Amino acid sequence: MTTRTTARRRGLAAVAGGASLALLLAACSDPDGEGGVAEETADDGEMMESSIDCAAYDEFGDLEGTSVSIYTSIVEPEQTQQENSYDAFEECTGVTVDYEGSREFEAQLLVRIQAGNTPDIAYLPQPGLLNTIVSDFPDAIVEPPEATVANVDEFFSEEWKEYGSVDGTFYAAPLGANAKSFVWYNPAMFADAGYEVPETWTELMELTETIASEQEVLPWCAGVESGDATGWAGTDWIEDVVLRTAGPDVYDQWISHEIPFNDPQIVEAFDTAGEILKNPEYVNAGLGGVDSIATTAWDQAGVGVLDGSCWMYRMASFYATQWPEGTEVGSDGDVYAFYLPTDQTDMQPVLGGGEFVAAFDDRPEVQAFQTYLASADWANQKAIATPEGGWFSANNGLDVNNLASEFDQDAAALVADEETVFRFDASDLMPGEVGSGTFWNGIVDWLTGASSQEVADQIENSWPM
């Protein structure tokens with residue numbers, strides 16, 4: 001028996017229940033696929049052994065010495081967590097995963113496709129982008145192999161499979177998921193001030209006004225700057241409010257353009273969000289005036305919640321990974337998040353999103369990795385590889401006990417709750433030129449002076465015929 005080691009090896013922990021192959025997350029390899037034992041160095045310098053059933057990867061065949069390139073918008077600190085989750089696959093198959101994360105992913109991927117410089121696999125954060133690629137470059141994406149389809153059928157709902165499909169043809173398997181309907185806050189600050197977490201939108205606005213009148217620190221902080229993707233964080237605000245003021249049926253009609261983008265119900269949602277985001281008495285805590293929202297990076301905008309210069313920051317579940325090292329995320333910790341409330345009494349709307357695995361090549365190692373990412377095994381390994389928290393998946397084979405934190409488990413439970421009405425991010429479902437184009441740009445215009453009606457009209461006029 002031989003052992004293959006790599007420079008990337010990191011400390012790995014065993015997967016708890018829920019993984020169909022019962023994989024143990026330690027580095028090992030056996031050239032005959034028989035399973036093996038890997039040696040790792042403990043903190044005290046002693047050698048220790050941990051095993052993995054590498055025979056579980058026999059289905060992928062002999063892939064030693066091959067590589068798969070990944071292109072994605074997932075960058076640090078989440079990039080390291082992603083790479084950690086591939087360790088067992090790399091060790092047991094011999095495949096090297098070459099990871100490239102970019103903040104300009106959405107724009108650059110299309111450039112690379114047009115230039116014939118595609119990655120093997122791309123993680124698409126917008127089904128609308130998938131639609132654009134399939135429409136404009138019909139031969140670019142390779143349909144997944146049967147093994148990938150089987151995993152998706154077993155571990156994901158039909159709804160999630162549809163998000164990765166175009167005109168009834170399945171192209172891209174779901175990867176991770178997120179819930180965006182959260183407001184981050186400092187539990188100690190709330191307790192010291194005697195404030196309670198609001199349970200309705202009306203209570204949220206009352207709390208906002210109370211903080212504005214009683215405290216020197218403004219209630220809200222916000223930021224939508226994100227390189228070439230600037231504006232997306234603002235679209236999340238609008239989408240969450242549309243779900244709460246117009247409801248999910250209107251939301252669906254808006255996405256499909258059954259109603260125009262500038263429908264009065266959508267303009268009203270802009271105005272409702274603007275009661276917070278465009279009110280200088282409410283924003284931008286510790287960062288500047290309303291205009292500063294457009295130039296404040298989304299991943300830095302919430303830091304004031306931790307240091308006391310901001311009371312609330314509306315941002316998705318994945319923001320849990322953005323807090324400085326050592327921050328305790330918990331209901332009794334340094335920061336936590338509450339559900340963005342609604343005055344609706346018959347539903348609990350939740351806005352969310354996720355990534356989808358699209359392949360541009362059908363080499364065996366690419367198909368193997370694509371299949372692996374759609375499995376319960378990868379979902380559980382990703383959970384274990386994310387000790388900082390801030391990640392979960394819609395994969396029903398994920399054991400929630402493997403999720404790193406109270407917050408991750410709460411977020412996953414919120415999405416799975418029977419009272420939850422889940423809707424995928426609207427800008428991610430709209431045509432690419434709108435969802436990741438004029439809608440993003442329109443948010444910047446709106447925050448820097450344009451009216452709700454002007455912006456909605458501008459975006460409507462850009463909708464492809």
Side-chain angles (χ1 to χ4, degrees), residues 76-78 178-226 233-234 236-237 240-241 273-341 387-390 404-408 410-411 414 447:
E76 294 293 2
E78 295 160 282
N178 59 71
K180 299 192 173 188
S181 302
F182 283 110
V183 178
W184 291 90
Y185 73 109
N186 185 318
M189 283 177 63
F190 267 53
D192 290 345
Y195 300 149
E196 295 184 356
V197 169
E199 296 184 357
T200 65
W201 183 269
T202 298
E203 290 180 1
L204 177 66
M205 295 305 295
E206 290 173 348
L207 174 61
T208 298
E209 178 57 31
T210 297
I211 293 173
S213 62
E214 293 182 351
Q215 306 292 335
E216 294 183 4
V217 174
L218 295 178
W220 291 89
C221 43
V224 304
E225 192 279 325
S226 185
D236 287 358
W237 263 98
D240 246 334
V241 175
E275 292 176 7
I276 293 175
L277 292 179
K278 300 188 74 170
N279 187 338
E281 295 184 0
Y282 294 165
V283 295
N284 195 12
L287 299 167
V290 171
D291 287 1
S292 71
I293 299 175
T295 56
T296 299
W298 73 272
D299 56 349
Q300 297 298 314
V303 174
V305 171
L306 182 61
D307 66 24
S309 61
C310 171
W311 286 86
M312 293 179 287
Y313 181 52
R314 185 226 155 275
M315 182 49 68
S317 56
F318 50 73
Y319 202 73
T321 65
Q322 301 299 320
W323 299 107
E325 184 176 355
T327 302
E328 182 181 352
V329 177
S331 55
D332 296 322
D334 301 317
V335 294
Y336 205 54
F338 60 81
Y339 167 71
L340 180 67
E388 301 87 354
S405 70
E406 172 191 7
F407 175 68
D408 293 339
D410 284 352
L414 177 65
L447 291 169

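On a predicted model such as this, the values are computed, not experimentally measured, just so you know. Heavy atoms only: backbone and side chains are in, while hydrogens, waters and symmetry mates are out.
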[atom2] on [Y] to [atom1] on [X], rounded to 0.5 Å:
| X | Y | atom1 | atom2 | answer |
| --- | --- | --- | --- | --- |
| Glu78 | Asp299 | CD | CG | 9.5 Å |
| Tyr336 | Phe190 | OH | CZ | 14.5 Å |
| Met189 | Asp307 | CE | CG | 9.0 Å |

Among pairs that include at least one residue of residues 310-321, which meet side-chain hydrogen bond (donor to acceptor under 3.5 Å, both in side chains), considering only residues two or more places apart or in two chains?
->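 Applying side-chain hydrogen bond (donor to acceptor under 3.5 Å, both in side chains) to every pair that reaches into residues 310-321, excluding sequence neighbours, yields Asp240-Arg314.
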Note to self: Around atom CD of Glu196, are there more than 12 heavy atoms from other residues, nucleotides or ligands closer than 6.0 Å?
What the structure shows: no
- Check: Glu203 and Pro341 side chains under 4.5 Å, non-hydrogen atoms: no
Is Leu340 close to Lys180 at the side-chain level, that is, under 4.5 Å between some pair of heavy atoms?
no
Would you tabulate the side-chain donor-acceptor contacts of residues 214-221 under 3.5 Å, counting partners in other chains and residues two or more places apart, or write 'none'?
from, atom 1, to, atom 2, distance (Å)
Glu214, OE1, Tyr195, OH, 2.7
Gln215, NE2, Tyr195, OH, 2.9
Trp220, NE1, Thr208, OG1, 3.0

- Message: Is there a side chain to side chain contact (heavy atoms under 4.5 Å, CB included) between Leu207 and Ile211? Walk through the geometry before answering.
- Response: CA-CA 6 Å; Leu207 174 61; Ile211 293 173; 4.0 Å; yes
TODO: Give the intermediate values and the outcome of side chain to side chain contact (heavy atoms under 4.5 Å, CB included) for residues Thr296 and Glu225.
DONE: CA-CA 5 Å; Thr296 299; Glu225 192 279 325; 5.7 Å; no
List the atom of [X], the atom of [Y], and the distance in Å for their closest heavy-atom pair.
| X | Y | answer |
| --- | --- | --- |
| Ala285 | Ser309 | CB-O, 3.3 Å |
| Val305 | Asn186 | O-ND2, 3.2 Å |
| Ala273 | Trp237 | CB-CE3, 4.4 Å |
| Val224 | Leu447 | CG2-CD1, 3.9 Å |
| Gly330 | Pro187 | O-CG, 3.9 Å |
| Trp298 | Ala233 | CB-CB, 4.2 Å |

Contacts of Asp291 meeting side chain to side chain donor-acceptor pair (under 3.5 Å) (sequence neighbours excluded), chain-then-number -> none
Practice item. Could you pull out all residues at least two apart from Phe182 that satisfy ring pair (Phe, Tyr, Trp, His ring centres under 6.0 Å)? Key: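 With sequence neighbours excluded, Phe182 shows a ring pair (Phe, Tyr, Trp, His ring centres under 6.0 Å) to Phe407, given in chain and number order.
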Handout entry: For Tyr339, all residues meeting ring pair (Phe, Tyr, Trp, His ring centres under 6.0 Å), sequence neighbours excluded
Key =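 So Tyr339 forms no ring pair (Phe, Tyr, Trp, His ring centres under 6.0 Å) with any residue.
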Inset, instruction - Let me see the working for Ser292 and Asn284 under side chain to side chain contact (heavy atoms under 4.5 Å, CB included), right down to the final yes or no. - result: CA-CA 7 Å; Ser292 71; Asn284 195 12; 3.0 Å; yes
Residues passing the salt bridge (Lys or Arg N to Asp or Glu O under 4.0 Å) test with Asp410, sequence neighbours excluded, are none
Notebook entry, point to check: Do the side chain of Trp184 and the main chain of Val335 share a donor and acceptor less than 3.5 angstrom apart?
Noted result: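 Side chain of Trp184 to backbone of Val335, a donor-acceptor pair under 3.5 Å: no, none is there.
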